[in-house]
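Below is one structure, written out as structure tokens, with a few remarks after it.
Side chains are part of it too, since the values below use all heavy atoms of this structure and drop only hydrogens, waters and symmetry mates. Ligands are counted one by one from 1 in listed order, and the atoms in each one are counted from 1 as well.
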Amino acid sequence: MSESTHHRICPLCEACCGLELKVRDGKVISIRGHDSDVFSAGYICPKGVALKDLHEDPDRLRTPLIKRNGEFVPASWDEAFAEIERRLQPILAQHGRQAGAISVGNPSAHKIGLLLYFSRLAKALGSRNVFSASTLDQMPKQLSSGLMFGHWLSIAVPDITRCDFLLVLGANPLASNGSLWTVPDFKGKAKAMQARGGKLVVIDPRRTETAAMADAHHFIRPGADVFLLLGLVHTLFEEKLVRLGRLAPLVNGVDAVEAAVRDFSAEVVAPRCGIDAASIRSLARQLAGTPRAAVYGRIGTCTQEYGTLASWLVDVLNVLTGHLDEPGGAMFPKAAAFANNTAGQPGTGRGVSTGRHTSRVSGAPEVFGELPMTCLAEEIETPGAGQVRALITVASNPVLSAPNGARLARALDSLEFMVSMDIYVNETSRHADVILPGLSPLEDMHYDVAFPQFSWRNHARYSAPVFAAPEGQPAEWETLLKLTAIVQGQGAQTPAREIDDRYFAEDAKKLFSDKAQAVIDATQGLHGPDRLLEIALRTGPYGDQFGRKPDGLNLAKVRGVPDGIDLGELTPRMPEVLRTPSGRIELAPPTLLLDLQRAAQAIKEPVPAMVIVGRRDVRSNNSWMHNLPILAKGPMRCTALVHPADAKRLGLTDGALARISNQGRSIEARVQVSEEMMPGVVSLPHGWGHGLPGTRMALAAERPGANLNTLLDEDWRDPLSGNSVLSGVPVELEAIAV
Ligand SMILES: Nc1nc2c(c(=O)[nH]1)N[C@H]1C(S)=C(S)[C@@H](COP(=O)(O)OP(=O)(O)OC[C@H]3O[C@@H](n4cnc5c(=O)[nH]c(N)nc54)[C@H](O)[C@@H]3O)O[C@H]1N2
Ligand SMILES: Nc1nc2c(c(=O)[nH]1)N[C@H]1C(S)=C(S)[C@@H](COP(=O)(O)OP(=O)(O)OC[C@H]3O[C@@H](n4cnc5c(=O)[nH]c(N)nc54)[C@H](O)[C@@H]3O)O[C@H]1N2
Ligand code: SF4
Ligand SMILES: [Mo]
């Protein structure tokens, strides 16, 4: 019997925990936290353990499937690529590039191969119809950060190990393990903060697990964060608490912000928020009066009508209280590879812009090269020049994850051709003509491209595959390159590695001009993501600069340390991190000030009697982990949390079924009567609603749960970012007679 130990970064959520796997005779026998991991120090959650179930899941696809006469049949990779070429190419040739669309989903952020190679495919396709989970999630924060700091991924995170006052809005890291903030063991770090006298305050319409451990929790009416934040900013000015500190010479627009918030005193915003004015003022004073403090907002502040405004105001508070870019405040990590805010000329840049084109049907502006996910259905349904006729999905399940999935499902059925790169036949991929599976995470190498840019501490960690890939199964970067060649009309025959070499040579020429050949020679033997990582590390902020800094990082060094390389605590990066044209922090971007007028109008509107919000559970992950036995066991997690007063008023009892409806669409869910809820707010997790015809996730179908997104409105977006409004949507709730 041969037993071996392996270390692997968990690819399932943003905490990026280091795992230790024991393998015997080709089987995983245990998964635990990797104690000597420099970044996560042994922390793990139940999903990390579930990687074994994922690896072994009989429903996880191992071969391509081609739909023939309405049934999926297994196919070889060559057959699958040939089928795609035969059917996709003529559509693009006849109807043009806009006839093709791409939808990319959450797991791509966790897979280096998907993240680095997806953009090649999108570029080769040449269509404006690019959609992603970003517009169901964090696009508002990317836009506000881009406008303020000049780059879409320059997002400040709390420096929690030195922070003494942390204000959290619309996030529940005890369940989600953090987002746009890579912070394994948030709970341990928050407890350590409390132990040294620090305070955690949570703003959430539900008394969440995080709120329960906080020093204070305030219920807020869903969607009202913009008003609370305006009230806080107003208080800072009114009570003369504004201190820009070291950044003063770098901040544009302080006066404009002061003028813009003039009408939003704590007293004015209080009723709309459901938080009294004295509490709002006290929060502002605490934030300003604590030398090391930070404000952090996450999905609850993004997936709402004023998502970009709320995201912006979070950082306005950090700046005005002197906490941005200071130890213990909100800081910018410095990633070892792939971070655009460490590339190019420090301290200045082109900034970001939106609306370079608009969507054909609704005229929604492009943001970060994408159109809103909720525009996909209408782009398929609406005839005319530029109608979407073919779709490629990449790790994306919008039939469950986007509002009004039933409409999207009908639209997908009307496509002339659809390819899904996915590991399951699920609610979305069942509509495909060809499904191309990815490897199990345990068969794939890994380095996090995005999350070190949001990490609580700087670090570099590499994971080698635990198992060899099955004979003949390509890694997903290779599949993406084959699709790239197909949409470019170069045929399905060229081997992926040849295409990769060609691209690499082109890139090397652009990046290194006359030294390109030397770089190509120096990376001999590497290919795919490994080769791109080698370049990114060596030219990155800690890199060996191809020998000019012999102590610096390169791939061999990072690979050689399974515990990871610690690159130290976060350090101040202003003004070097900025990429705004002015070279300063733009505190008052004109588009945001303009949008404030919308909020000013809305503050007086009556609030609906009952609204719905989402939630996350630590044993679940968006829409695709309900087929794994270790996570699926235990009590049903897709329940509707209802406050006792609402339950009484509506005749709902604990454990009984309720019908929840909106716009003529309805779902049924079991009620869980709970004091955790703010009255007038019901909470239901998203990502459920399995068991649709044609899916192949046997375990998930046994307890399908209800799809929250059935109730949500696909036309309701934050107009600036294109992000869906997923929170605070009015619903009706009624008992189902038995
Ligand atoms: N109402 C409501 N809706 C929401 C949210 C909410 O809070 N409320 N949250 C939103 C958020 S934040 C997000 S990020 C989106 C997520 O929505 P999506 O981006 O659609 O992602 P998932 O639901 O995670 O589904 C991931 C898909 O990728 C597949 N997959 C998993 N691993 C791999 C792999 O290694 N390779 C490939 N090729 N495929 C893989 C899965 O089978 C599944 O089809 O949902 C959004 N939807
Ligand atoms: N276990 C688990 N972990 C996950 C995921 C998962 O599905 N399961 N998904 C991953 C993904 S894709 C993401 S994006 C992250 C998200 O990570 P988080 O942002 O931490 O997401 P949630 O846990 O849903 O917490 C959002 C909170 O916002 C509250 N909320 C709703 N509406 C409002 C509002 O209007 N204002 C305020 N202030 N609060 C509001 C909700 O009650 C909820 O408690 O989690 C990631 N991690
Ligand atoms: S918190 Fe859980 S799912 Fe997230 S990275 Fe860590 S082990 Fe994986
Ligand atoms: Mo997300």
Exercise. Show your working on ring pair (Phe, Tyr, Trp, His ring centres under 6.0 Å) between W181 and F454 and close with a plain yes or no.
Key: CA-CA 5 Å; W181 186 16; F454 316 126; over 10 Å; no
Exercise. Show the numbers, then the answer: is there a side-chain contact (heavy atoms from CB on, under 4.5 Å) between V314 and K141?
Key: CA-CA 10 Å; V314 163; K141 189 70 191 177; 4.0 Å; yes
Practice problem: Could you go through the side-chain contact (heavy atoms from CB on, under 4.5 Å) check for N172 and R615 one step at a time? | Solution: CA-CA 8 Å; N172 183 16; R615 72 173 186 274; over 6 Å; no
Exercise. For side-chain contact (heavy atoms from CB on, under 4.5 Å), just list the numbers for W456 and T182, CA-CA rounded to whole Å, side-chain angles, deciding distance to a tenth of an Å, and then say yes or no.
Key: CA-CA 6 Å; W456 73 278; T182 289; 5.6 Å; no
N/O donor to acceptor pairs below 3.5 angstrom from side-chain atoms of residues 110-118, sequence neighbours left out:
unit_1, atom_1, unit_2, atom_2, d
H110, ND1, P11, O, 3.3
Y117, OH, D500, OD1, 2.7

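The environment of CD in E443 is crowded: more than 12 heavy-atom neighbours from other residues, nucleotides or ligands sit within 6.0 Å. Open room surrounds NZ on K187; 12 or fewer heavy atoms of other groups in view lie less than 6.0 Å from it.
Salt-bridge annotation for D433 and K67: absent, with no side-chain N of the basic residue lying under 4.0 Å from a carboxylate O of the acidic one. Taking a cutoff of 4.0 Å between a charged side-chain nitrogen and a carboxylate oxygen, R298 and D137 qualify as a salt bridge. Under the 4.0 Å criterion applied to side-chain N and carboxylate O atoms, E478 and K482 are not assigned as salt-bridge partners.
Here CG of L61 is found 12.5 Å from CE of M421. Values are rounded to the nearest 0.5 Å.
When the heavy atoms of P403, G105, A395 are ranked by distance to atom 27 (C) of ligand 1, first place goes to A395. With distances taken over non-hydrogen atoms, the option nearest atom 7 (O) of ligand 1 out of E427, R615, R616, R298 is R616. Scanning G405, G300, S401 for the heavy atom closest to atom 18 (P) of ligand 1 points to S401. Nearest to atom 1 (N) of ligand 1 by heavy atom, out of L726, N709, V394, is N709.
Between F467 and H6, the ring planes are tilted. Angles from 30° to 60° get that label.
With respect to atom 16 (C) of ligand 1, the closest heavy atom belonging to the protein is N622 ND2, 3.7 Å. Regarding atom 19 (O) of ligand 1, its nearest protein heavy-atom neighbour is N106 N, 2.8 Å. At the shortest separation from atom 37 (C) of ligand 1 among protein heavy atoms lies E476 OE2, 3.5 Å. Atom 10 (C) of ligand 1 has L136 O, 3.3 Å as its closest protein atom, hydrogens excluded (heavy atom only). Protein heavy atom in closest approach to atom 24 (O) of ligand 1: W624 CD1, 3.1 Å. In this structure, atom 23 (O) of ligand 1 lies nearest to the protein heavy atom S623 OG, 2.5 Å. Summary of contacts: the protein heavy atom closest to atom 35 (O) of ligand 1 is K111 NZ, 2.5 Å. The shortest contact between atom 42 (O) of ligand 1 and any protein heavy atom is with D422 OD1, 2.6 Å.
The distance from ligand 1 to the heavy atoms of N426 drops below 4.0 Å at these ligand atoms: 42 (O), 43 (C), 44 (O). Near L708, meaning under 4.0 Å from any of its heavy atoms, are these atoms of ligand 1: 1 (N). Numbered from 1 in the order shown, with element, the atoms of ligand 1 that lie under 4.0 Å from a heavy atom of Y424 read 42 (O). Each of the atoms 12 (S) of ligand 1 lies under 4.0 Å from some heavy atom of I299. Below 4.0 Å from some heavy atom of M421 lie the following atoms of ligand 1, by number and element: 37 (C), 38 (N), 39 (N). Remark: ligand 1 atoms within the under-4.0 Å shell around heavy atoms of D137 are 12 (S), 14 (S).
Ligand 1 lies less than 4.0 angstrom from a heavy atom belonging to S396. Contact between I423 and ligand 1 is present, with at least one heavy atom of the residue lying under 4.0 Å from the ligand. The shortest separation from a heavy atom of T428 to ligand 1 is not under 4.0 Å, leaving the residue out of contact. Judged by the shortest distance from any of its heavy atoms, G438 lies outside the 4.0 Å radius around the atoms of ligand 1.
With sequence neighbours left out, the side-chain hydrogen bond (donor to acceptor under 3.5 Å, both in side chains) criterion links T710 to no other residue. Legend: residues meeting side-chain hydrogen bond (donor to acceptor under 3.5 Å, both in side chains) with E702, ordered by chain and number and at least two apart, are absent.
The closest side-chain heavy-atom distance from V23 to I29 is not below 4.5 Å. In this structure, I630 and V49 have side chains that are in contact, with non-hydrogen atoms separated by less than 4.5 Å. Between I9 and D448, some side-chain heavy-atom pair lies under the 4.5 Å cut-off.
Looking only at protein N/O/S atoms, the ones less than 2.8 Å from atom 8 (Fe) of ligand 3 make 1 in total.
Residue-level proximity to ligand 1 for L712 is carried by the side chain, the only part with a heavy atom below 4.0 angstrom.
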